[in-house]
Amino acid sequence: MSKRTKIKALLESTQTDIQVTVMGWVRTFRNNQFIALNDGSTNNNIQIVVDFENTDEALLKRITTGASLKVVGQLVASLGKGQKVEIKATEVEILGDSDPEKYPLQPKKHSLEFLREIAHLRFRTNTFGAIFRVRNSLAFAVHKFLQEKGFVYLHTPVITASDAEGAGEAFKVTNFDIANPPRTESGEIDYKQDFFGKATNLTVSGQLEGELGAMALSDIYTFGPTFRAENSNTTRHLAEFWMIEPEMAFYDLEDNMDLAEGLLKYVISYALENNREDLEFLSQRLQEEEKSKPQNERSEMSLLDKLQFCLDNSFERLTYTEAIDILKESTPNKKKKFQYLIEGWGADLQSEHERYLVEKHFKKPVILTDYPKEIKAFYMRQNDDGKTVRAMDILFPGIGEIVGGSQREERLEKLEQRMAEMGIPAEELWWYLDTRRFGSCPHAGFGLGFERLVLFVTGMGNIRDVIPFPRFPKNAEF
RNA sequence: UCCUGAGUAGCUCAGCCGGUUAGAGCAUCUGACUGUUAAUCAGAGGGUCGCUGGUUCGAGCCCAGCCUCAGGAGCCA
């Protein structure tokens with residue numbers, strides 16, 4: 001294809017009266033002469049002006065919403081208001097027609113629910129263009145931040161054999177004819193004959209393997225897809241999602257929290273700097289959307305203000321025990337407004353409690369630490385009180401838990417004892433325990449839910465709208 | 001999985017107490033206009049009322065089951 005200039009560059013061009021070539025998709029065609037063309041490089045369209053009186057009528061009819069075009073013309077200062085520059089077309093070529101009777105996108109507002117059904121085309125809308133450019137920046141910024149700190153990007157396996165991680169239901173991976181799997185004499189499915197010679201599933205977390213890497217490379221992170229076969233039908237769960245899992249040797253919980261907070265702030269500031277226009281658009285979109293909500297449900301801050309606020313304030317850090325005290329004394333608890341009332345120490349925090357702490361009490365991101373060991377995973381480091389573990393959850397407004405992490409139990413005996421208590425088969429995790437046998441050391445790590453981060457930064461309300469092709473119960477289209 | 005609500009034209013939605021031929025805006029098509037900004041104006045076409053069964057003289061509307069979607073809860077990131 002002949003050289004073209006991307007629309008983002010043209011709109012920023014200081015030079016005019018030069019010949020340019022653009023390619024993109026038609027958003028609207030107004031007045032038989034004005035094409036709003038978009039190529040995804042920016043949320044803004046470039047206006048193409050067609051000399052319709054001297055253009056073949058058959059060609060004009062093919063300039064329809066969704067069609068892809070190649071346009072050659074002069075980049076000139078715009079005669080009309082609403083844009084600085086426009087292109088006076090000298091040559092318009094239809095690269096791909098788009099039948100207007102069948103093309104589902106119209107130059108109007110569509111519901112997010114409808115766009116979810118045409119996820120293959122929703123990239124062509126302003127909202128989803130902005131979301132996926134922001135998502136890209138956030139992913140890049142995660143790598144940039146960690147790479148600059150000397151972290152090693154470690155590719156942990158997607159297929160795993162251990163089912164002992166306790167992070168939810170896993171999807172089975174098998175080569176068997178599922179209608180007729182080989183069976184043992186006692187009638188059980190004989191996984192010895194399966195592809196891997198044992199039962200395998202898609203990973204629910206790269207953490208345990210990540211720890212193995214950290215115990216040699218010092219600081220590692222994973223950033224890949226993760227799978228949970230939970231029947232979750234919510235705005236913040238997916239069956240396939242992306243997770244960032246740093247694991248650091250010689251880190252305690254404080255270091256862990258500092259890293260997580262630093263990472264979150266860095267990637268948010270990176271997006272604010274590099275995706276200003278997209279975030280302004282999304283901020284406006286959110287404000288429009290909230291107009292239809294009752295006053296008390298609207299957010300106090302605009303999206304941009306909320307992101308900036310998040311950068312300007314340190315996250316509130318407190319222990320689970322302190323949080324319980326606050327919740328016990330809180331108005332909704334006393335007035336029995338909570339669905340689950342806080343009676344005392346030991347209860348798991350429900351969404352309503354987390355939301356109260358983050359959105360009502362502190363009004364900023366909160367890091368809760370030192371949870372009761374009963375409600376946390378086996379690998380978390382036990383505190384001397386015998387009751388709590390060195391866990392930390394970062395709670396964000398509107399999202400809930402965005403990060404879950406801990407200092408890891410590095411003492412072999414303590415770890416084995418906890419595994420026994422929780423019924424985790426030690427023989428399956430012999431390799432994990434080996435790191436505690438040979439040169440064990442204090443270490444820590446966390447998991448950051450990437451889509452939840454994108455949700456927060458874009459101000460979207462449903463996690464299915466911040467991943468290109470969401471996988472959730474009863475849906476694996478596209 | 002549980003609770004609540006929804007499913008009517010391509011999209012967003014209205015449809016009275018069960019009663020004749022199911023409506024509107026936008027989109028599409030035809031024509032007009034031609035510096036528009038989701039262009040405007042005039043006209044036209046477009047429906048298995050989610051699916052299955054039931055009640056009734058008669059069902060978009062009532063009943064039962066199922067499917068899908070949305071919001072909330074749980075599981076968690």
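What you are looking at is a predicted structure, and each value in this text was computed from that prediction instead of being measured. For the numbers below, each heavy atom of this structure counts, side chains included, while hydrogens, waters and symmetry mates do not. Chain identifiers are assigned alphabetically (A, B, ...) following the order of the sequence lines, protein sequences preceding nucleic acid strands; residue numbering begins at 1 within each chain.
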Look at [X] and [N] and indicate whether a side-chain polar atom (N or O) is within less than 4.0 Å of OP1 or OP2.
| X | N | answer |
| --- | --- | --- |
| A/Thr28 | B/rA38 | no |
| A/Arg122 | B/rC11 | no |
| A/Arg355 | B/rA73 | yes |

5' precedence on RNA chain B between A/Thr235 and A/Lys474 (nearest-nucleotide basis): A/Lys474
Nearest-nucleotide comparison on RNA chain B, the residue closer to the 5′ end among A/Gly447 and A/Asn475: A/Asn475
Test log, rule side-chain contact (heavy atoms from CB on, under 4.5 Å), inputs A/Phe446 and A/Leu263: CA-CA 12 Å; A/Phe446 61 86; A/Leu263 171 62; 4.1 Å; yes
Sequence neighbours excluded, every pair satisfying ring pair (Phe, Tyr, Trp, His ring centres under 6.0 Å) that has a member inside residues 65-113 of chain A: A/His110-A/Phe114
Pairs where residues 25-72 of chain A contributes a residue and the test ring pair (Phe, Tyr, Trp, His ring centres under 6.0 Å) is met, not counting sequence neighbours: none
Nucleic acid contacts - residues 92-109 of chain A versus RNA chain B, non-hydrogen atoms under 4.0 Å: A/Pro100, A/Glu101, A/Gln106, A/Pro107, A/Lys108
Nucleic acid contacts of residues 72-86 of chain A, taken as heavy-atom distances under 4.0 Å to RNA chain B: A/Ser78, A/Leu79, A/Gly80, A/Lys81, A/Gln83, A/Glu86
Using whole Å, report how far [atom1] of [X] lies from [atom2] of [N].
| X | N | atom1 | atom2 | result |
| --- | --- | --- | --- | --- |
| A/Lys88 | B/rU36 | NZ | P | 14 Å |
| A/Ile467 | B/rA77 | CD1 | P | 16 Å |
| A/Asn231 | B/rA73 | CG | P | 16 Å |
| A/Leu453 | B/rA77 | CG | P | 15 Å |
| A/Met380 | B/rC76 | CE | C1' | 11 Å |
| A/Ile399 | B/rG72 | CD1 | P | 11 Å |
| A/Asn233 | B/rU68 | CG | C1' | 12 Å |

Partners passing side chain to side chain contact (heavy atoms under 4.5 Å, CB included) against A/Lys363 (at least two apart in sequence or in another chain): A/Glu300
Residues which pass side chain to side chain contact (heavy atoms under 4.5 Å, CB included) with A/Lys61, listed by chain and number, not counting sequence neighbours: none
Do [X] and [Y] make the cut of ring centroids closer than 6.0 angstrom?
| X | Y | answer |
| --- | --- | --- |
| A/Phe145 | A/His143 | no |
| A/Phe123 | A/Phe469 | yes |
| A/Tyr340 | A/His353 | no |
| A/Phe241 | A/Phe450 | no |

Show every donor-acceptor pair shorter than 3.5 Å between a side-chain atom in residues 471-478 of chain A and any protein atom, with sequence neighbours excluded, or say none if there are none.
residue, atom, partner, partner atom, Å
A/Arg471, NH1, A/Glu477, O, 2.9
A/Arg471, NH2, A/Phe478, O, 2.6
A/Asn475, OD1, A/Glu477, N, 3.3

B/rA77 pyrimidine/purine six-ring stacking with A/Phe241, under 5.5 Å and 30°: yes
Tabulate protein N/O versus nucleotide N/O from nucleotides 30-34 of chain B, keeping only pairs under 3.5 Å, one per line.
residue, atom, partner, partner atom, Å
B/rU30, OP1, A/Lys61, NZ, 3.3
B/rU34, O2', A/Gln33, NE2, 3.4
B/rU34, O2, A/Asn31, O, 2.7
B/rU34, O2, A/Asn31, OD1, 2.5

Side-chain-base donor-acceptor pair under 3.5 Å for A/Arg464 and B/rC69: no
Integer angstrom distance from the P of B/rC3 to that of B/rG19: 32 Å
Any donor-acceptor N/O pair, A/Ser283 side chain to A/Glu280 backbone, under 3.5 Å: no
Salt bridge (Lys or Arg N to Asp or Glu O under 4.0 Å) against A/Asp348, all qualifying residues, sequence neighbours excluded: none
Electrostatic pair A/Asp370:A/Arg381 at N-O distance under 4.0 angstrom: no
Pairing of A/Arg317 and A/Glu261 as salt bridge, 4.0 angstrom limit: yes
Minimum-distance nucleotide to A/Phe114 side chain [options: B/rU36, B/rU12, B/rC69]: B/rU12
Per-nucleotide pairing state of RNA chain B [Watson-Crick or G-U, under 3.5 Å; [ ] pseudoknot-crossing; | other strand]: (((((((..((((.....[...)))).(((((.......))))).....(((((..]....))))))))))))....
Partners meeting side-chain hydrogen bond (donor to acceptor under 3.5 Å, both in side chains) with A/Ser137 (sequence neighbours left out): A/Asn275
Do any N or O atoms of the protein come closer than 3.5 Å to N or O atoms of nucleotides 48-51 of chain B, and which pairs are they?
none

